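A short worksheet on the structure shown next.
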Amino acid sequence: MKFFIDTANLAEIREAQELGVLDGVTTNPSLMAKEGITGKANILHHYKAICDLVDGDVSAEVIGVTLHDMIREGEELAELDDKIVVKVPMIKEGVKALKYFSEKGIKTNCTLIFSAGQALLAAKAGATYVSPFVGRLDDISTDGIALIEQIVTIYRNYNYETEVLAASVRHPMHIIQCAEIGADVMTGPLSAITALLNHPLTDSGLAKFLADHQKAGAK
Ligand code: E4P
């Protein structure tokens, strides 16, 4: 399973990249705003800075909601770097944009997916990735992981090449569950990725190994 980090924070992206397990980055307008990145020139510059940091795909979201605006913005984003994946919302004009970009060989990520039907439409339109939001479904007492499983099954039934990118991942158990059911990619915060490192028996075991080594050396 590929690990993407869901942030526009360069320090966090660098830290994940240095860990050696990072396969890509996803961003969205809220994450860009959180970093204080505003204005077209700054936004494009920031996406380029992210691309320069990582080896892998970088999702950059369009703001426009008409087909014309999505195509214009998406083409401009795609020209920044080969790593750019144009992120398009799951709306009617977005489906048309997915088809357009797919025919042009521009990678896409269809975002704000909350149902299997939406995921099916995005795959038929040729999306490179679909992003079902696990955490936001859990937030409204709906099983986000069950949706990932349903989409994985549907795509396998018909050999769709669209990759299932489990988004809105919030904690390490989401990552494990996504891996168990065969999601192609997960995206989440650095804290969810680094939480996979933790086990109290690892910490106590290492402390004992080091203490025994010290004792032996002292003899
Ligand atoms: C998807 O690519 C989104 O950026 C993201 O995963 C949303 O996550 P959130 O629900 O934690 O905001």
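Each ligand, and each atom within it, is numbered from 1 in the order the structure gives. Source: prediction; values computed, not measured.
- Residue Asp6 has at least one N or O atom closer than 3.5 Å to an N or O atom of ligand 1.
- Defined by atom type and a distance below 3.5 Å, a donor-acceptor pair is missing between the side-chain atoms of Tyr155 and Gln150.
- Side-chain contact of Thr26 with Ser59: a donor-acceptor pair under 3.5 Å is absent, judged by distance alone.
- By the 4.5 Å heavy-atom criterion applied to side chains, Ile151 and Pro132 are counted as neighbours.
- Inspection of the Gln17 and Asp55 side chains reveals an N or O donor paired with an N or O acceptor under 3.5 Å.
- Distances from atom 2 (O) of ligand 1 to the heavy atoms of Met186, Lys87, Arg136 show the closest one on Lys87.
- Heavy-atom contacts of Phe133 reach the following atoms of ligand 1: 1 (C), 3 (C), 7 (C) (cutoff under 4.0 Å).
- At a 3.5 angstrom cut-off on N or O pairs, Thr27 does not count as close to ligand 1.
- Distances from ligand 1 to the non-hydrogen atoms of Arg170 include at least one value under 4.0 Å.
- Salt-bridge check for Lys2 with Asp184: failed, with every basic side-chain N at 4.0 Å or more from each acidic carboxylate O.
- Looking only at heavy atoms of the protein, atom 8 (O) of ligand 1 is closest to Ser168 CA, 3.4 Å.
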